[in-house]
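By convention in this document, chain letters (A, B, ...) are assigned in the order of the sequence lines, proteins followed by strands, and residues within each chain are numbered from 1.
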Protein chains: 2
Amino acid sequence: MTEHSDPLGFTHHDHAHCRESALQAAEDTCAREGLSLTKQRRRVLELLLRKHKAMGAYELLDAMREDGQPAQPPTVYRALDFLVSNGFAHKIERLNAFVACAHPGERHKPAFLLCSDCGLVAEMRSQGIGEAVRAAAEELDFALERMVVEAEGLCPQCRGARA
Amino acid sequence: MTEHSDPLGFTHHDHAHCRESALQAAEDTCAREGLSLTKQRRRVLELLLRKHKAMGAYELLDAMREDGQPAQPPTVYRALDFLVSNGFAHKIERLNAFVACAHPGERHKPAFLLCSDCGLVAEMRSQGIGEAVRAAAEELDFALERMVVEAEGLCPQCRGARA
DNA sequence: CCGCCTATTGTTACGTTATAACATGCTCCG
DNA sequence: CGGAGCATGTTATAACGTAACAATAGGCGG
């Protein structure tokens with residue numbers, strides 16, 4: 001296993017497990033930090049985990065309607081704000097979409113791989129990239145607060161399919 | 001001078017000069033590669049260079065209206081598509097906005113610093129970050145095509161102002 | 001238990017960003 | 001000339017996101 005291991009999405013994995021453990025991590029963190037994982041917040045997080053891909057806010061709204069419990073845009077955006085601020089989900093700027101965090105609980109600066117063919121979104125653990133950005137910022141006396149790193153290209157499968 | 005030198009925006013610079021040279025570089029590149037820097041495309045590039053900051057498409061439209069030559073959204077988005085595809089401008093995903101490229105002509109994978117206080121957008125030359133992303137992608141057998149790197153935080157000035 | 005405070009959610013309406021689809025014009029070249 | 005291909009104009013609408021205010025719910029001191 002390397003520092004980039006487990007880029008959620010490149011390999012098969014126990015889906016039910018990752019879903020359960022992510023929810024559990026969210027509950028634990030909320031309990032520990034006095035945050036409330038309310039019904040709507042939990043619902044949105046479950047949807048993100050269920051589909052296990054990047055979803056737009058309106059895609060979430062569609063899913064909520066299909067579940068028989070429709071909601072309005074502000075409801076979803078508020079839930080997403082909560083999830084993102086607390087590290088349970090991330091926004092993919094390039095796609096205007098959201099994914100459940102693949103490493104909840106760990107404090108991390110996420111970096112993503114986006115497949116332009118199949119739409120896969122994989123979250124990397126990449127110490128190296130975070131370090132490089134931090135170093136560049138420091139050299140310019142820039143106080144880094146957040147970083148967006150999204151690499152686009154072809155995932156191994158799609159790359160193969162084109163050969 | 002380091003590899004991160006000249007992050008356009010941190011230092012004073014000859015504005016008229018950078019504007020002229022960017023336009024010249026665009027013309028040269030177009031001539032060399034058989035692209036046409038048409039009136040609308042040139043207009044949008046000039047506006048980006050004139051304001052020398054990140055501008056939204058509708059901000060550009062406002063400017064065009066004020067110039068007495070109004071245009072419609074598709075016109076601007078098409079010009080921006082051209083400029084971005086050919087490396088004369090970049091999209092800042094985090095801001096849904098566009099900036100003129102600070103290093104036109106050079107083939108590069110841009111990385112940006114965004115000041116969350118004053119709105120400054122600086123384009124870094126950062127070999128290091130590009131390398132780190134490339135390495136991470138390679139390790140996962142991911143065919144990197146494009147990267148989005150946007151570091152948010154406080155620029156030196158704003159950081160100082162808070163001290 | 002009650003009433004109050006605060007956080008969360010509901011609801012309506014709207015602002016901002018981006019694109020589809022089709023018509024028109026422009027230019028280069030045979 | 002004429003048509004092919006690219007660029008632009010034009011209209012309409014899709015997709016993404018938020019402001020503002022009302023209603024509700026859940027915890028806590030009295």
Problem - Heavy-atom contact window of chain B on DNA chain C, given 5' to 3' at under 4.0 Å - result: C:dT17 to C:dA21

[atom1]-[atom2] distance between [X] and [Y], expressed to the nearest 0.5 angstrom:
{"X": "B:Glu150", "Y": "B:Met147", "atom1": "CD", "atom2": "CE", "answer": "10.5 Å"}
{"X": "B:Leu114", "Y": "B:Leu95", "atom1": "CG", "atom2": "CG", "answer": "5.0 Å"}
{"X": "B:Lys109", "Y": "B:Met124", "atom1": "NZ", "atom2": "CE", "answer": "15.0 Å"}
{"X": "B:Arg42", "Y": "B:Leu49", "atom1": "CZ", "atom2": "CG", "answer": "10.0 Å"}
{"X": "B:Cys101", "Y": "B:Phe88", "atom1": "SG", "atom2": "CZ", "answer": "9.0 Å"}
{"X": "A:Met55", "Y": "A:Leu61", "atom1": "CE", "atom2": "CG", "answer": "9.5 Å"}

Measure from [atom1] on [X] to [atom2] on [N] and round the result to the nearest Å.
{"X": "A:Arg94", "N": "D:dC16", "atom1": "CZ", "atom2": "C1'", "result": "16 Å"}
{"X": "A:Leu61", "N": "D:dG17", "atom1": "CG", "atom2": "P", "result": "11 Å"}
{"X": "B:Asn96", "N": "D:dA15", "atom1": "CG", "atom2": "C1'", "result": "12 Å"}

Side chain [X], main chain [Y], donor-acceptor under 3.5 Å:
{"X": "A:Ser116", "Y": "A:Glu152", "result": "no"}
{"X": "B:Arg159", "Y": "A:Asp141", "result": "yes"}
{"X": "A:Glu59", "Y": "A:Gly56", "result": "yes"}
{"X": "B:Glu123", "Y": "B:Ala102", "result": "yes"}
{"X": "A:Thr29", "Y": "A:Ala25", "result": "yes"}

Problem - Check: B:His103 ring centroid to B:His90 ring centroid under 6.0 Å - result: no

Exercise for the section: Rounding to 10 degrees, work out the angle separating the end axes of the helix from C:dC1-D:dG30 to C:dG30-D:dC1 (five pairs an end). Expected result: 20°

Exercise for the section: Taking only heavy atoms on the protein side, list every residue of residues 81-88 of chain A lying under 4.0 Å from any atom of DNA chain D, sorted numerically. Expected result: none

Exercise for the section: Strictly below 4.0 Å, heavy-atom distances to any atom of DNA chain D: list the hits from residues 26-50 of chain A, or just say none. Expected result: none

Practice task
Begin from the C-alpha positions of B:Asp81 and B:Arg78 and carry the test salt bridge (Lys or Arg N to Asp or Glu O under 4.0 Å) through to its verdict.
Solution key: CA-CA 5 Å; B:Asp81 279 351; B:Arg78 288 192 284 228; over 6 Å; no

Exercise for the section: Step through the shown structure and confirm whether more than 12 heavy atoms of other residues, nucleotides or ligands are within 6.0 Å of CD on B:Glu106. Expected result: yes

Exercise for the section: Taking only heavy atoms on the protein side, list every residue of residues 67-80 of chain A lying under 4.0 Å from any atom of DNA chain C, sorted numerically. Expected result: A:Gln72, A:Pro74, A:Thr75, A:Arg78

Side-chain donor-acceptor pairs under 3.5 Å in residues 30-41 of chain A, sequence neighbours left out?
from    : atom 1 : to      : atom 2 : distance (Å)
A:Gln40 : OE1    : A:Arg43 : NH1    : 3.1
A:Arg41 : NH1    : A:Ser36 : O      : 2.8

